[in-house]
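Step one of this worksheet: look at the structure below.
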2 protein chains.
Amino acid sequence: MTTAASAASGRDLPHPAREEIRLESVLHALSDPMRLQVVRELAAESDELSCSHFDLPVTKSTTTHHFRVLRESGVIRQIYRGTAKMNALRSDDLDDLFPGLLDSVLGAAARQAARLGSG
Amino acid sequence: MTTAASAASGRDLPHPAREEIRLESVLHALSDPMRLQVVRELAAESDELSCSHFDLPVTKSTTTHHFRVLRESGVIRQIYRGTAKMNALRSDDLDDLFPGLLDSVLGAAARQAARLGSG
DNA sequence: GACGTACTACGATGTCTATCGTACAAGGCG
DNA sequence: CGCCTTGTACGATAGACATCGTAGTACGTC
């Protein structure tokens, strides 16, 4: 059944519209250490990153699960690019909905990492 | 022996020290609608509030549970005052650890409430 | 078409969590 | 002292979730 709608690359992923993003879901998505780490790396690179770029200490199945949670909560946007799936922060949508929130969380995460790493 | 801990009212509650507060735990505590509502009311009053002040749509057992999650994550401080248990935001500790985080979350919650309430 | 890479889907599992109900403890008040 | 108000403790329960393993799909390359 390769005749299905293959616009750009065949598969498309469901994303919540900007207005559908819920604060509680975003906070829940960010409250997992694994996912927070992913978000920090995405923010640091300020560019699309493939799922395989991340070397998380879990299996690929679990990695897929975490990326889905991030996508369905509206934190990241995912698109297929060939066999790879690229991930990017939805900074613009989040900043529009919740100004300063993402920066505060990223700053807090950096502070905590520095505090726990050095002391 | 028994005279040791009974400074004000006899019972004392375990709180995490400021350095023990973890960002992930704070985000998780705030990701529950019930608890986020409690935090919003506490921030609005800027004063101690008893547990019974909150009229949550759950039983008292569940309310106790939510307040414990907030306390153990370091978001609120609880002290006994007679039969009542007073609750206050740990704004100073949170602001010191994660500058701007609490304000961003509160602002985001207010924005979302306004958006969902008016639209 | 065959093969490898990248990621997914599904089922299983153990843990966590939000909820309830009932029984109980601590403190104020008549 | 009895009684009420306030909140706790404990057990139960249903749902969510993080994790895994295996099998499978989509895509690029040879």
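Numbered from 1 within each chain, the chains take letters A, B, ... in sequence-line order.
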How many Å lie between [atom1] on [X] and [atom2] on [N], as a whole number?
X	N	atom1	atom2	value
L56(B)	dA18(C)	CG	C1'	13 Å
F67(B)	dT19(C)	CZ	P	13 Å
M86(B)	dG27(C)	CE	C1'	15 Å
D12(B)	dG7(D)	CG	P	17 Å
Q37(A)	dA18(D)	CD	C1'	17 Å
F54(B)	dT6(D)	CZ	C1'	15 Å
K60(B)	dA9(D)	NZ	P	14 Å
I79(B)	dT6(D)	CD1	C1'	15 Å

Base of dG7(D) paired with side chain of T64(B) (donor-acceptor, under 3.5 Å): no
Picking from [options], which would you name as closest to the side chain of [X]?
X	options	result
A84(A)	dT6(D), dA9(D), dC7(C)	dC7(C)
S52(B)	dC20(C), dT6(D), dC20(D)	dT6(D)
T62(B)	dA18(C), dA9(D), dT22(D)	dA18(C)
H65(A)	dG7(D), dT22(D), dA18(D)	dA18(D)
C51(A)	dT6(D), dG21(D), dC7(C)	dC7(C)
Y80(A)	dG21(C), dC20(D), dC7(C)	dC7(C)

Could you go step by step and tell me if R18(A) and D92(A) meet the salt bridge (charged side-chain N to carboxylate O under 4.0 Å, His left out) rule? CA-CA 10 Å; R18(A) 201 189 55 179; D92(A) 48 350; over 6 Å; no
Cut-off 3.5 Å, side chains only: do T64(B) and S61(B) have a donor facing an acceptor? no
Hydrogens and angles aside, do S104(A) and S104(B) bring a side-chain donor and acceptor to less than 3.5 Å of each other?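 Their side chains do contain a donor-acceptor pair, which is all the 3.5 Å distance test asks for.
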By nearest heavy atom, map V69(A) and T83(A) onto DNA chain D; which one lands nearer the 5' end?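 The residue closer to the strand's 5' end, by nearest nucleotide, is V69(A).
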In terms of hydrophobic clusters joined by side-chain contacts under 4.5 Å, are L13(B) and L70(B) together?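 In one cluster: no.
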State whether R115(A) and E19(B) are salt-bridged, where the test is any N-O pair (Lys NZ or Arg NE/NH1/NH2 against Asp/Glu carboxylate O) under 4.0 Å. no
Kindly state each residue pair satisfying ring-ring contact (aromatic ring centres under 6.0 Å, His included) with at least one member in residues 30-70 of chain A, sequence neighbours excluded.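 Pairs touching residues 30-70 of chain A that pass the test: F54(A)-F67(A).
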E48(B) CD to L89(B) CG distance, which is reported to the nearest 0.5 Å: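 So the CD of E48(B) and the CG of L89(B) are separated by 11.5 Å.
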Do any of residues 24-36 of chain B sit with a heavy atom less than 4.0 Å from DNA chain D, and if so which?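 Residues of residues 24-36 of chain B that come under 4.0 Å of DNA chain D do not exist, since none gets that close.
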Answer yes or no: does a side-chain N or O of T59(A) lie under 4.0 Å from OP1 or OP2 of dC20(D)?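 So the side chain of T59(A) is within the cut-off, an N or O lying under 4.0 Å from OP1 or OP2 of dC20(D).
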Does the side chain of H66(A) get closer than 4.0 angstrom to OP1 or OP2 of dT19(D) through an N or O atom?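 Yes, such a contact exists.
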Taking R71(B) for the side chain and P14(B) for the main chain, is one N or O donor matched with an acceptor at less than 3.5 Å? yes
